[in-house]
Each structure stands twice: as structure tokens, then as C-alpha cells.
Amino acid sequence: MRPCELPPDPDLLQWLDRQARQVCDPVARLRYLRQALDCPQTIITERRPRAVLMPIVVSLLLLASPAPTGSGAAAPAWHPTPLTAPARQAAPLWLVERTDAFEQYSNGLRVERDFLTAGELRRPRWAPRHEQDGAQPPDPAGIVFHASENDPAPFSPEQNVRLKREGRALLAWVRQHRLYHYLVDRFGVVHRILEDEQRAHHAGQSLWADGRWIYLDLNESFLGVCFEASTTGPEPPQLSPAQLRAGRALLEMLRARYRIAAENCVTHAQVSINPANRRIGYHTDWADGFPFAELGLPDNYARLLPSMLLFGFEADDLYARRAGARLREALELGRLEVARQAQAGGLSLARYRRWQQERYRQACLRCRGVKESSP
Amino acid sequence: MSQNAHERIGLDVGTSRVVMARGVPGDYRFASQLNAFLSLPYSKLTCGVLEKENIPSTVAGDQILVYGDAAERFADVLHVETRRPMREGTLNPEEPDGPAVVRSIIELLAGGGQKSGARICYTVPAPPLGCDESPKFHQAALAQLLGELGYKARSLEEGLAVVYSELEDSNYTGIGISCGAGLSNVCLAYLSVPVVSFSLPRAGDQVDAGAARAANEVATRVRLLKEQYFSLNGQHGATTLPPKLNQALKVYYEDLIQALVQAMREAFQQRSLPRIDRPIPLVLAGGSTLPTGFRERFEQAIRQTDFPLHISQVRLASEPLHATAKGALVAALADM
């Protein structure tokens, strides 16, 4: 008989019990509970890494929720683990050499500059989530991951000529339209298309938020990193080992250089919105299968979408179908949380959403103010 | 990433049967085979006949091993006893061909094709009551053979699998009991977390063996008669059983139920349990819970005891023979 330790706080357990009951899907509910109360003996042959979902959910709920008015709705006091993994003693990372042809970094990353083009400067658009002391978010504040969505040839030696030809054609197209800051081709070669301080047309109508800031129009405040891959085919998207290695080194460099929080490294599908119909996911690339873990990031699919939580955007059926299990789970939790917020505020869901829409309008105005006052 | 990487499978490797579960919530599918085999002297002719008749078999040295459901049919025809790769919930050390047979049965259930990357969750017994040591060899041997078949394998205790299969309504809080052939496994879980789990070497095989001794019968015959006619409340077919055997089965079943209830009392009293603010359900699964009246007698035994937990209901799993595999599948699906 082997005991398993539960968190000692009975209020927390009861609160989790109530939260979990709102997840309809039995598998999603079990996953939610297991990750919230991660126990090494649940699965005994292979210990899983410490769960991240619950701290993320609780943090977001605490950060984003209006002060609950009913005692029953409040989460008990709990100190979640930090959103980002504890900082390791990172090796110093610097630019070793830059020529017209390439950049070489001390972590082994080599960035080719053969498709570099000129662009306009980014003018970050953000607003503080709460009254703050005039501090500003880092710039760039985050990274949006994209898939090129071309129709890639099979990754095999017989296809080498085609792979090279398609890669060059894609690069030419990306450069012509200034689509991303970086493109990682099938062979793991990292190409710079624009300098980091320039604007790429990668995210379109989009928004994201972290604990302190709301970011609108991510072309202005986030970098765009594209992997040559397709996420729309019948097969699950898959990056080549070389792409994973290069992507990891690129992220390491960007996050070290700009102090970008892990929670702000997200996929296009998570940030894309359509303000005209108030739907999430005008673009759906990497709605599923993005290899966060392999790139050294936490599973950001578990994060509740700020567009839904803060501004009342909703996911339609098409988006839900494209989303993977983890993102669908976040959508379901987000829906429940919005309903809870409405209930806690004594509002009908429709009225609460109207209030959220007004909040979005005001956030746009506030962001515009930032933009106008920017140099 | 291959298509298999997205497949999730639950596997209950029981002493009596191997059950494989596939599918998604609302559409679970099960396949099972008897976890037994018999050996025949090798000859090309026999091999050819078996192959022609599509009877699952494999060659091991100078023997042909016929396994799965076919083994029982062959045993009837040849008037021999089947052999079992497992005993008391773990691989039988006296059957060196055991792991190979289990592997063949799993392959038979899984069908053809490469399994690379498919995730499988398989059940293992909990440590015996009063002992912290899990059956490591059994667990490692299964992990190895599943790995060789191309699966990404994880194990799950049987009692917890019953909880995952049946206790969704109570947020995976309650007691799951798998009462199989070789062992009974118990798990008290709270919000999906196993708080107390243990196994007890009392289950169907002990009932059969004890009743067979008492009634001077063969264990296999006792099992067949029990499955067909035995009822704990005497309402179903009791007259068809020889009275002595009927009485012996009742005695040994009573003993099994009392042993389980007492073991739970002991285990739950030893631990400081979480404060559970409402009565919890108890679910029974496994082939040994099938006789009519088992659930009622079990509930009676619980109610008559100073049980340390408030039990809201005692019920049978919706599909007692598949519950453990279903729970393993639910765990595999949740483990994405």
C-alpha cells in the first residue's frame, strides 16, 4: 500500500472539485484533475514532469477575473508555481559575428541573411491590464509561431531537388510580402527576412495578454517566426529534427536577447481574431501540434485565450474542429470562466459579453494612444 | 509523426483474460482473448493445419503454442488442461513461455501493422496489502514487450483503472475494486489521485480451487459451472449445481467478500484519509463479481462493518469484464 500525498488545503480541494465538475468531457476532466493534483503514483512507470495546467489556469483566473462578489465563486488563497520555468543558470549568449551573409551566435545558431529585406519600424501597441507605474513591456514582447502552409514535398533524399526549389520559392514569396522576421526551412536553416525592430505582416488582427499587459495588433509588438510546414493536411504537422534543433536555438537567442516571457511565445491560431464577427482564429495555423516542449517552452496550448477571457471573443465550430485537444480544453475552460465571471458580476452572459466588447473598444483606444505617443 | 502516434489503447493484462480497449468517450470498443495456452509437439503437419484453420499459434523450440480463446477450444477437444502465462496477477515464473504468449495475445488483439508510437496504458496489480513493493518484474517485463512491439507504454494500477472507468460522476472520487481471477485490487481515489491502493491474493482462482477441493471436483469444471449456474442469493440456477459444490462456492465467496472488506478497513484505518465531505461510491469490476447477488452481499458486508468511510452506493461496473481496460484507455487518452 503506497500513500499518495494530496495538497493539505481542503478548501483548495473542494474548489478544484467544483471546477472540475464543470468540464463535461470525462477525459478532459480527468486530465484537468491529474494535472492539477499531479501525483507520481498515478502513472507509476514513468514520472511525468510537474504539471503546468493548473498553475496557469489559476494564475490567469486570478489575474483576469473581476473581484468575485459571491463567496462561493472565489478561488481559495493559493500560491501557484511561476508561469515560467525556474530560471536556469543560463550560459551567456552573444552575437559572435555578423556579416552581410550571416549572423553567428554563441549558442551555435547561424542566421542566414541572404533573403533579408527592408521594412518599416514596429510601433508597439499595448495597454496595461491594471493601473501601473508607467513601466513598459519589453520590446519585442513575444513571438508568434506560424506555419508556411505550402504543400511540402516528402522529406526524403529523393525529393532533395524539389525540397530546395520549394524552399527558395517560399523564401522569395516571404521576402516579397515581408511576412515574418525569421523563416526556418525544412533543412533547419534559419533565414532572417526582416530586422527585429521592423514590422512583419505576420499576425494581422490579433491580440494577446500576459499578467501585466494587453497587446493588440501583434505585428507591432511580437516577432514572427515561421516554420516551413503545413498544418492543414490530413497528417499531423511535423517539423524535421533539423527544424526543431534550429528553432530551439533561435528561441534561446531571442528569449535571452529580449527577455521574452515563455507565456508570450504562442501560435498564430491562439492570437488571431476577427473583430468583425468577434470570432477567435481567423487564421488557424498551429491550432494543434506545435512542439512547445521540444522547443524548450511550456505547453502554452493550456493557456486560456485572452481574446475570449478579456474581450468576449468566441470560437466557432470550424475553429474548435481545427484545435487540438489541449487548445479545445483551454476553450472549454475559458467558456466556463467567462460564464463564472458573468455570474459573479450578477450579469447575464449576453450582457457581460457586451461589457467585454466595450472593454475591447477601450483597449483599442488606449493602445492607439500609445501608438500615437510613440516616437 | 506517424498516424499511430495518435492512437491510444487501454490494456488490461489479467490472469484470466487480456482485454484491449480502443476508441473515444461514447464509442469504446473492446476485444479480449483468454490469457491461456497449450502446447503441442511440433510437426509440420500440425503447423500447416493450424495455419489453414487460422488458429493463433506460435512455435517455441520443439513445441507449438496455441494461445488465446483457441487454447480452451483445443483443450476441450484434446482433453488437456490449458496453461496460464500468469498466476495471481503477475507473470507466472513457472511458465518460461509466459511472456512470449502474452506478447502473442497482445499482437492478436492489436491486429497487424506497425504500432510505432501508439500510446498504450496497461494495468498492473498494486502492491500487496502491508507492503510497499510493487510487482516490479511483472511491470518491467510487460513494459519491455510492449516497447518491443512499438508502443509507448505506461502502467496503471488496476483499482485506479476501475475508478477512471466508472467514477466520472463523482469526479473520480471513490473506491474501485477489480476482482479478477488471480488477485483483487482496491483503490481509494480522491479527485483522481490514488490515496490508498493495495492488492489482495484472494480472487476467483482461490474460490474455484477451494470449492474444487471441498467438492472433490476439478478447478476448471468448477469455474465453468460457477460461471454458468452459480448465484450468491440462490435465485438463479442454484438447483443445477451439485449441492455440495454450491455450498462450497458460497463459503469461499463469503470468505472472499469478508477478506476484502476487512482488508479495506485495515488499510483505510492505517492512513489519515483526506476529509471527504460526502459519502463516496464503491464500484465492483472483474469476472469474480459476476455471480448474481455478489453486489448485494458485498454491500451488506460493508454496512454490517464499522467501515471507516461513508459509502453512498455499492454498484457493479457498467461492463465488469471491460471496466479495467476502459479505465486504462481513459488514462491513455488523458495522458496526451
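A, B, ... follow the sequence lines: proteins, then strands. Residue 1 opens every chain.
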Can you name the closest pair of heavy atoms from [X] and [Y] and give their distance?
X        : Y        : answer
A:Leu33  : B:Asn171 : CD1-O, 3.7 Å
B:Glu168 : A:Arg29  : O-NH1, 2.7 Å
B:Leu333 : A:Arg31  : O-NH2, 3.0 Å

Any non-hydrogen side-chain atom of A:Pro26 less than 4.5 Å from a side-chain atom of B:Tyr172? yes

If we only count heavy atoms from C-beta on, is the B:Arg8 to A:Val27 side-chain gap below 4.5 Å?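 In short, these two side chains do not touch, never coming nearer than 4.5 Å.
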
Give a yes or no on this: more than 12 heavy atoms of other residues, nucleotides or ligands lie within 6.0 Å of atom CG of B:Asp27.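 Enclosed.
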
